[in-house]
Amino acid sequence: MTSIEVRPEVAAALSGGAPVVALESTIISHGMPYPTNVDMANEVEAIVRSNGAVPATIAVLSGVCHIGLDHEQLLTLATSHEVHKATTRDLPWLIAAGRHGATTVAATMRLAALAGIRVFATGGIGGVHRGAATTFDISADLTELAMTPVAVVSAGIKSILDIGLTLERLETLGVPVVVNGSDQFPSFYSRVSGYASPRRLDGASEIAAFLDATWNTLGLTTGVSIANPVPVDDEIAADEIAGVIDDALDDLDRQGVVGQDVTPFLLGRIVEMTGGRSLQANLALVRNNAAVAAQIAVAYAARVHR
Ligand code: PSU
Ligand code: MN
């Protein structure tokens with residue numbers, strides 16, 4: 001039995017050097033409520049297609065790692081209570097035990113790289129949690145970014161995390177960080193975070209040149225973090241969302257939530273507390289990231305498969 005299954009359409013695109021964009025599944029199973037999650041997953045795939053690339057949503061179903069899913073498989077991820085949140089270290093257990101797993105940024109990067117996919121779109125990446133000096137809670141997304149050559153397009157990171165420490169950690173790990181079209185590092189719902197962008201580039205063709213330099217000219221083996229600010233019209237001001245995030249963090253402490261439940265708990269509380277407003281911003285930024293990632297995949301394929 002093979003434990004990795006690449007959808008025929010994705011395999012054909014990869015072998016022909018055509019652009020492919022990986023998409024994660026933790027955002028579907030543990031990041032958004034049903035039915036918004038499945039609608040988002042289908043819509044994001046359509047956006048990747050309309051920008052000229054083939055989408056490959058990644059997840060583990062009954063112990064098989066799938067690179068590319070059909071509608072029914074997406075629905076299983078969106079509705080089943082048997083879907084485990086999975087970072088890279090959880091993949092061998094899912095395979096051995098024959099379970100379902102929704103892949104985080106880290107696990108999605110690893111499976112994308114195994115399949116030969118270089119560009120990946122998501123909402124927000126994990127990072128250094130506030131209070132990490134005592135909890136040691138630092139997302140394995142950063143570990144994976146340090147060792148797997150995939151470009152991750154996100155809207156930055158939510159201020160549920162310590163943005164300054166996350167940027168420091170990425171620097172130490174040698175992970176290139178680029179902001180698309182802004183001098184400010186974005187904070188997911190907001191176009192600013194109070195931190196400057198480590199490096200700025202403008203648009204897909206400059207970013208494709210950057211990826212080519214990273215992996216092909218220099219032979220670096222790291223991932224790349226591409227922060228793509230939420231569109232102006234969909235932004236929630238940083239000071240407006242700050243109180244909600246503080247309240248969600250208080251609830252986290254009170255309920256004693258730890259480990260891999262922390263991020264899903266906080267995401268869920270923020271949606272509840274904003275009465276869905278944060279979900280609208282989340283959807284808008286994911287759509288925007290999918291479009292930009294597809295444009296980058298197209299530009300990168302054109303550079304390296306000439
Ligand atoms: N941040 C978000 N939305 C998300 C996640 C993070 O704004 O859906 C998900 C991603 O799948 C990310 C994971 O890889 O949470 C990080 O979890 P942890 O902090 O447990 O590493
Ligand atoms: Mn964690």
Side-chain angles (χ1 to χ4, degrees), residues 22-34 36-37 40-41 44 57-60 77-78 83-91 101-112 120-146 148 150 152-163 165-166 169-170 175 186-190 193 223 225 227-230 234 236 241 244-245 248-249 252 257-271 274 278-290:
L23 300 161
E24 64 149 308
S25 46
T26 293
I27 190 175
I28 302 172
S29 301
H30 303 284
M32 288 186 186
Y34 175 82
T36 306
N37 56 359
M40 176 279 302
V44 162
T57 302
I58 292 179
V60 184
L77 286 171
V83 182
H84 300 268
K85 179 181 166 189
T87 185
T88 307
R89 73 164 188 172
D90 299 309
L91 294 173
T103 50
T104 63
V105 167
T108 305
M109 285 180 75
R110 179 58 64 98
L111 292 173
F120 163 21
T122 185
I125 60 171
V128 180
H129 281 262
R130 295 202 210 170
T134 51
T135 64
F136 279 32
D137 191 349
I138 300 175
S139 176
D141 290 356
L142 302 188
T143 316
E144 200 66 42
L145 277 162
T148 301
V150 171
V152 183
V153 180
S154 74
I157 54 176
K158 282 193 179 72
S159 49
I160 59 173
L161 301 175
D162 188 318
I163 297 175
L165 291 187
T166 302
R169 193 79 195 114
L170 286 165
V175 177
S187 58
F188 199 82
Y189 300 119
S190 170
S193 62
S225 172
N228 186 43
V230 59
D234 301 297
I236 305 178
I241 199 81
V244 171
I245 287 174
L249 287 163
L252 182 83
V257 177
V258 293
Q260 62 177 5
D261 297 333
V262 168
T263 299
F265 176 89
L266 292 172
L267 300 180
R269 283 300 288 144
I270 293 167
V271 172
T274 60
S278 67
L279 192 54
Q280 291 315 308
N282 198 342
L283 290 168
L285 66 85
V286 171
R287 289 185 197 109
N288 188 43
N289 294 344

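This chain uses plain numbering: 1 for the first residue, then up along the sequence. Every value quoted in this text rests on a predicted model; they were computed, and no experiment measured them. Counting convention: from 1, in listed order, for ligands and their atoms alike.
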ask   = Hey, is L267 touching ligand 1 through its side chain, its backbone, both or neither, going by heavy atoms under 4.0 Å?
value =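 Just the side chain.
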
query = What part of T263 sits under 4.0 Å from ligand 1 if we count only heavy atoms: the side chain, the backbone, both or neither?
reply =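 Under 4.0 Å from ligand 1, T263 contributes side-chain atoms alone.
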
key: L77 backbone acceptor or donor facing S29 side chain under 3.5 Å   =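 Yes, S29 side chain to L77 backbone: donor-acceptor pair under 3.5 Å.
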
ask   = Ignoring hydrogens and geometry, is there a side-chain-to-backbone donor-acceptor pair from T148 to G223 under 3.5 Å?
value =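 No; zero donor-acceptor contacts below 3.5 Å.
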
Quick one: [atom1] on [X] to [atom2] on [Y], what's the gap to the nearest 0.5 Å?
X: T104; Y: E144; atom1: OG1; atom2: CD; result: 8.0 Å
X: H129; Y: I160; atom1: NE2; atom2: CD1; result: 6.0 Å
X: D141; Y: I125; atom1: CG; atom2: CD1; result: 6.5 Å
X: L252; Y: R130; atom1: CG; atom2: CZ; result: 11.0 Å

Which option wins on minimum heavy-atom distance to [atom]: [options]?
atom: atom 1 (N) of ligand 1; options: G123, G124, S278; value: G124
atom: atom 12 (C) of ligand 1; options: T26, I160, D141; value: D141
atom: atom 17 (O) of ligand 1; options: K158, M32, K85, E144; value: K85

query = Which atoms of ligand 1 are found less than 4.0 Å from any heavy atom of F188?
reply =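 Those qualifying, in numeric order: 7 (O).
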
inquiry  = So if I count the atoms of ligand 1 from 1 in the order they appear, which ones are less than 4.0 Å from some heavy atom of H129?
reply    =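 Per the distance check, 19 (O).
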
request  = Considering only non-hydrogen protein atoms, determine which one is nearest to atom 10 (C) of ligand 1 and report residue, atom name and distance to 0.1 Å.
outcome  =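 For atom 10 (C) of ligand 1, the nearest protein heavy atom is E24 OE2, 3.5 Å.
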
task = Report the nearest protein non-hydrogen atom to atom 21 (O) of ligand 1: residue, atom name, distance rounded to 0.1 Å.
result =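 Minimum-distance protein heavy atom for atom 21 (O) of ligand 1 reads S139 OG, 2.6 Å.
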
request  = Flag V105 as yes when one of its N or O atoms lies below 3.5 Å from any N or O atom of ligand 1, and as no otherwise.
outcome  =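 The answer is yes, given that V105 and ligand 1 share an N or O pair closer than 3.5 Å.
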
inquiry  = Need the atom name: nearest N/O/S atom of D137 to the Mn ion (ligand 2).
reply    =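 The closest N, O or S atom of D137 to the Mn ion (ligand 2) is OD1.
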
ask   = Among L285, N288, N282, N289, which one satisfies side-chain contact (heavy atoms from CB on, under 4.5 Å) with V230?
value =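 The side-chain contact (heavy atoms from CB on, under 4.5 Å) with V230 is passed solely by L285 among L285, N288, N282, N289.
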
message = Side chains of T103 and T108 only: does a donor on one sit below 3.5 Å from an acceptor on the other?
response =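 Judged by distance alone, the side chains do pair up.
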
